[in-house]
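For reference, the structure is listed below as structure tokens.
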2 protein chains.
Amino acid sequence: MDLFVSKYFNKIDKKGRISLPSSFRNVLPKANKNEIILYKSIKSQSIEGCGVGRLKEIAKRINNLDFFSEDYDDFSTSIFSEIVTTNVDKEGRFLIPEEFKLYAGIKTEAAFFGQGHFFQIWEPKQGLKNTEVSRRRLLKEKKSLRMMLTQQK
Amino acid sequence: MDLFVSKYFNKIDKKGRISLPSSFRNVLPKANKNEIILYKSIKSQSIEGCGVGRLKEIAKRINNLDFFSEDYDDFSTSIFSEIVTTNVDKEGRFLIPEEFKLYAGIKTEAAFFGQGHFFQIWEPKQGLKNTEVSRRRLLKEKKSLRMMLTQQK
DNA sequence: TGGGATTATATGGGCGTCAATGGGTATATG
DNA sequence: CATATACCCATTGACGCCCATATAATCCCA
């Protein structure tokens with residue numbers, strides 16, 4: 001499986017370390033197994049993360065913008081300066097920057113939610129509530145969810 | 001990681017030295033690990049910096065502008081003639097020219113903002129304000145930041 | 001197939017190393 | 001000779017690496 005799926009609830013220890021779920025670690029390419037990027041989610045009070053490979057994609061895209069334009073600076077600033085890279089230690093743990101923990105309201109425990117090509121880190125209760133809200137919205141607004149899930153190709 | 005990412009706030013000591021963030025030092029090619037170039041940003045009250053290797057890339061971009069346009073001369077003059085090279089000492093510190101500090105309003109502390117292939121040095125408060133403004137401008141526009149972040153290759 | 005044995009994962013903690021910062025002194029440069 | 005800059009050494013706190021353990025998952029063989 002090369003996608004981030006399922007959800008996990010892990011603890012933050014005294015040193016601020018938290019385990020990246022094993023199944024998430026396995027999604028990272030062997031070459032960059034010990035480095036991930038984190039950034040504050042734009043749409044919610046959560047942290048999003050993924051392997052460094054995605055960052056290089058983004059860099060390429062930004063690089064194609066007109067270098068002397070305002071857009072270039074806006075994207076470049078909003079993305080590169082807001083992203084942090086974090087090292088995953090041999091035991092699979094990493095540090096969440098203090099600023100990010102504040103943003104997401106995370107204290108001693110965090111919830112990892114697989115999102116396919118990336119994952120989200122939530123304060124556990126808020127994360128569960130968000131799942132609930134998302135699902136309800138989906139069921140109400142899109143009757144097609146059922147179809148999508150049951151349809152065969 | 002071979003990109004300048006994240007942001008850092010470092011102090012300038014009595015001798016005028018300031019540490020280039022460790023992760024930025026690692027982006028510089030091993031061959032020219034102790035030399036960086038600095039120039040005044042043409043778009044903001046900040047200083048931009050990068051490894052000497054990037055000079056070629058800057059030259060190329062300027063070259064792509066219409067040779068007979070005013071822009072060409074302006075950019076060419078504004079950037080090339082204003083570039084200074086600075087040595088990074090064994091502890092990873094360097095000196096910011098007085099004129100540049102004045103330009104950016106930097107006194108005792110400076111903020112480093114990763115911009116992918118280069119970085120910016122700001123007076124801390126102004127840097128944060130700039131990030132805020134950039135982000136707000138992006139969120140308002142149709143070209144969404146989200147697309148940039150989540151789009152797949 | 002049951003159940004002990006091996007492996008993996010999440011978590012805890014010691015300790016050495018490195019990054020950021022401060023300061024003394026030699027060296028250079030005009 | 002005066003000022004600026006490079007080199008060297010020191011300090012502190014953060015972080016990475018190593019080792020340890022408990023629980024859970026997997027395996028393997030009788």
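Lettering follows sequence order; numbering is per chain, from 1. The figures here come from the full heavy-atom set of this structure, side chains too, leaving out hydrogens, waters and symmetry mates.
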- Message: A/D13: which residues meet the side chain to side chain donor-acceptor pair (under 3.5 Å) condition with it, sequence neighbours left out?
- Response: A/R17

- B/K43 atom NZ, neighbour heavy-atom count above 12 within 6.0 Å: yes

- Query: For A/Y8, which residues count as a side chain to side chain contact (heavy atoms under 4.5 Å, CB included) partner, sequence neighbours excluded?
  - Reply: A/S6, A/P21, A/S23, A/F24, A/F112

- Message: Taking any heavy-atom pair under 4.0 Å as a contact, classify B/I18: base, sugar-phosphate, or nothing.
- Response: nothing

- Task: Tell me, please, which residues at least two apart from B/Y39 pass side chain to side chain donor-acceptor pair (under 3.5 Å).
- Result: B/E48

- So, the side chain of A/D74 versus the backbone of B/L138: is there a donor-acceptor pair under 3.5 Å, distance only? no

- B/K60/B/E57 ion pair, N-O < 4.0 Å: yes

- Note on the structure: For B/L38 and B/P97 the tightest heavy-atom approach is CD1-CD, 4.0 Å

- May I have all residue pairs that pass salt bridge (charged side-chain N to carboxylate O under 4.0 Å, His left out) and include part of residues 22-40 of chain B, sequence neighbours excluded? B/K40-B/E82, B/K40-B/E99

- Message: Within this structure, what is the CD1-OG distance for the pair A/I42 and A/S78, rounded to the nearest 0.5 Å?
- Response: 8.5 Å

- A/K7, NZ atom: more than 12 neighbouring heavy atoms under 6.0 Å: no

- Would B/Q115 and A/T77 satisfy side chain to side chain contact (heavy atoms under 4.5 Å, CB included), going step by step from the backbone distance to the final call? CA-CA 6 Å; B/Q115 299 282 327; A/T77 297; 3.2 Å; yes

- Among residues 27-39 of chain B, which contact DNA chain D at a heavy-atom distance under 4.0 Å? none

- Item | Degree of bending, the helix from C/dT1-D/dA30 to C/dG30-D/dC1 (end axes from five pairs; round to 10°) | 50°

- Query: Closer to the 5' end of DNA chain C via nearest nucleotide, is it A/D13 or A/S22?
  - Reply: A/S22

- Message: Apply side chain to side chain contact (heavy atoms under 4.5 Å, CB included) to residues B/I83 and B/L55 and explain how you reach the verdict.
- Response: CA-CA 10 Å; B/I83 285 178; B/L55 265 177; 3.4 Å; yes

- Query: Is there a residue in residues 93-101 of chain A whose heavy atoms reach under 4.0 Å of DNA chain D, and which residues are they?
  - Reply: A/R93, A/L95

- Task: Give the intermediate values and the outcome of side chain to side chain contact (heavy atoms under 4.5 Å, CB included) for residues A/F94 and A/I18.
- Result: CA-CA 6 Å; A/F94 66 99; A/I18 187 167; 3.8 Å; yes

- Can you measure from CG (A/D2) to CG (A/N26) and round to the nearest 0.5 angstrom? 11.0 Å

- Message: Going 5' to 3' along DNA chain C, which are the first and last nucleotides with any atom under 4.0 Å from a heavy atom of chain B?
- Response: C/dA19 to C/dT25

- Please list all pairs passing the salt bridge (charged side-chain N to carboxylate O under 4.0 Å, His left out) test where one or both residues lie in residues 113-133 of chain B, with sequence neighbours left out. B/E132-B/R136

- Task: Could I get the full list of side chain to side chain contact (heavy atoms under 4.5 Å, CB included) partners for B/P29, not counting sequence neighbours?
- Result: B/N32

- Task: Could you check whether A/D89 gets within reach of a base, just the sugar-phosphate, or nothing at all, counting any heavy atom under 4.0 Å?
- Result: nothing

- Message: Please give me every residue in residues 113-123 of chain B whose heavy atoms get under 4.0 Å of an atom in DNA chain C, ordered by residue number.
- Response: none

- Would you classify A/K14 as touching base, sugar-phosphate or nothing, given that sugar-phosphate means primed atoms plus P, OP1 and OP2, and contacts are heavy atoms under 4.0 Å? sugar-phosphate

- Check whether any side-chain heavy atom of A/Y72 sits under 4.5 Å from a side-chain heavy atom of A/D66, and report yes or no. no

- Task: Tell me, with the steps shown, if B/I47 and B/F119 meet side chain to side chain contact (heavy atoms under 4.5 Å, CB included).
- Result: CA-CA 8 Å; B/I47 302 160; B/F119 57 86; over 6 Å; no

- Message: Distance under 4.0 Å to a non-hydrogen atom of chain B counts as contact; along DNA chain D, which nucleotides mark the start and end?
- Response: D/dT5 to D/dC9

